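Down below is the structure, laid out as structure tokens.
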Number of protein chains: 2
Amino acid sequence: MAGLDPSLIAGLPTFAGLERKDLEILLSHAQAMRFAAGSSVFEQEEEARNFFVLLDGHIRVVRTTPDGQQVIVRYISEGELFGIAAALGRTTYPASAIAVADCVALAWSNAQWPELSARFPSLGANTYKTVGNRLQDAHTRVIEMSTEQVEQRVAHALLRLVKQTGRQTDDGIEIDFPITRQDIAEMTGATLHTVSRLLSAWEESGIVKGGRKRVVVRNPHQLMLKAESRNKN
Amino acid sequence: MAGLDPSLIAGLPTFAGLERKDLEILLSHAQAMRFAAGSSVFEQEEEARNFFVLLDGHIRVVRTTPDGQQVIVRYISEGELFGIAAALGRTTYPASAIAVADCVALAWSNAQWPELSARFPSLGANTYKTVGNRLQDAHTRVIEMSTEQVEQRVAHALLRLVKQTGRQTDDGIEIDFPITRQDIAEMTGATLHTVSRLLSAWEESGIVKGGRKRVVVRNPHQLMLKAESRNKN
DNA sequence: CCGGTAGTTTGCGCTGGCGCAAAGTCGGGT
DNA sequence: ACCCGACTTTGCGCCAGCGCAAACTACCGG
């Protein structure tokens, strides 16, 4: 259906639980979708109609508070399941998803969820695991926000991004999609200004290298030190 | 098995999805456990052997950071499913659970999870929903921590506790288990001292009434005002 | 009834990081 | 080639809330 390009299917490590044949059946129910960088995949409060697997690109998940404040919940990279609100008993998406690079995703209608999850138990297992990881991450973030200084939180955020999407360059490890200082601020509960100051200071000491919508980590080890103690380094 | 007291079974609203007969089968696989106030139900990092439903009492879930800081993840009240780490693909509990009042819980061995969840789809649905709610809560907390002042966070925490476990008294609504200023601090990422000061100020204006390990909310509406704007009231 | 411990309150000084302001700088579109 | 909007940097003053310190008080066990 929808003429799935077979080449898209090649790399889906997350679905290793499924046998080749089952995978093909599952994929035959999916629809491929493309999103240009900057476009919206779904909006907060919108009725949850689909669940997705991201095949290529990067998506930012943002939650907006009643008074207009924005917080970045997380970034989604290739192979990840997302938009599974309906499976978790919600009728609307709790956050907005925005493509930060050109994206390709597979989408299934939520109406198919009961049938598909019954037919492919490993889809269910995968969902449990995904949600478990997210819950863990969310709690980790609460702890960080509760106990750490801004400098440590920013360092942790960068390390997480590097680990998740880092691409080795001759300069160091680069975060593989455009990200602004403001974005980092919204991930860490700091202000744009403070983040900018921190990155400037780190650039001074050769730990990172900045650019317009770019961050390259030159010295991950030193960055870990910043992340770990509230002492001066 | 384990001679379940039938009276315990009476009130299990959370499991409404199950028919009476199925419920009995499910319960026949469970083991009843009692925990005295202050005792540990399970420890962080301990191998996850069981999952539970709390029948009576209150349990505090605490996560400890590598450097010894503690953060209260949440409180569990009657009817809630907990300790489901294994179902989410983990082998150890990510946090400790401590009874803050005398507790009665039903426990199932994790080994039974695949069988039970296959046999009773509504158990699985229930788990998805529970996890969905928790994920939602965790994200809400991240947002609060990111965007709110300490005063608002403490107000929100109290309102949540009151909503979850409030007991009407002639003085106002009382939180139904012993809770210290330190506990509130660990829920909100503030210090004991700041929390104490805030509660003193609120007691001054008649919004709450404090006591040793006790908090009574006399004026929830005013407390909501404190929770909502960073303006002076 | 009494001593000890766990919990609470309050004072004081300091500072991390925010709010506000303004001046760069990069890059994409016409 | 230029302009405009988006992104970034930096300076400065202020204050919420923390760290430290000390006193107070309610409960519990003996």
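Throughout, protein chains are lettered first and strands after them, A, B, ... in sequence-line order, and every chain is numbered starting at 1. It should be emphasised that the depicted structure is a prediction, and the values quoted were computed from it without experimental measurement.
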Look at all strands and tell whether [X] reaches a base, only sugar-phosphate, or nothing, counting heavy atoms closer than 4.0 Å.
X	result
B:Ser200	sugar-phosphate
A:Thr191	sugar-phosphate
A:Arg212	base

Using atom [atom1] of [X] as one end and atom [atom2] of [N] as the other, report the distance to the nearest whole Å.
X	N	atom1	atom2	result
B:Glu151	D:dC18	CD	C1'	16 Å
B:Leu198	D:dG17	CG	C1'	10 Å
A:Arg153	C:dC18	CZ	C1'	12 Å
A:Gln182	D:dG5	CD	C1'	16 Å
A:Leu199	C:dT25	CG	P	18 Å
A:His193	D:dC7	NE2	C1'	12 Å
A:Glu148	C:dG17	CD	P	11 Å
B:Lys209	C:dT9	NZ	P	12 Å

Non-neighbouring partners of A:Gln136 that pass side-chain hydrogen bond (donor to acceptor under 3.5 Å, both in side chains), sequence neighbours left out: none
Looking only at side-chain N and O atoms, does [X] come under 4.0 Å of OP1 or OP2 in [N]?
X	N	result
B:Gln149	D:dG17	yes
B:Arg181	C:dT8	yes
A:Ser196	D:dT8	no
A:Thr180	D:dC7	no

Selected nucleotide, minimal atom distance to A:Ala190 side chain, candidates D:dT10, D:dG17, C:dC18: C:dC18
Options C:dG17, D:dG17, D:dT10, nucleotide nearest the side-chain atoms of B:Val150: D:dG17
N/O donor-acceptor pair, side chain A:Arg197 with base D:dG11, under 3.5 angstrom: yes
Contacts of type ring-ring contact (aromatic ring centres under 6.0 Å, His included), residue A:Tyr75, not counting sequence neighbours: A:Phe177
Exercise: do B:Asp183 and B:Thr180 side chains pair donor with acceptor under 3.5 Å: yes
Enclosure of B:Glu204 CD (heavy-atom neighbours >12, cutoff 6.0 Å): no
Trace of the side-chain hydrogen bond (donor to acceptor under 3.5 Å, both in side chains) decision for B:Thr140 with B:Asp137: CA-CA 5 Å; B:Thr140 301; B:Asp137 288 350; 5.1 Å; no
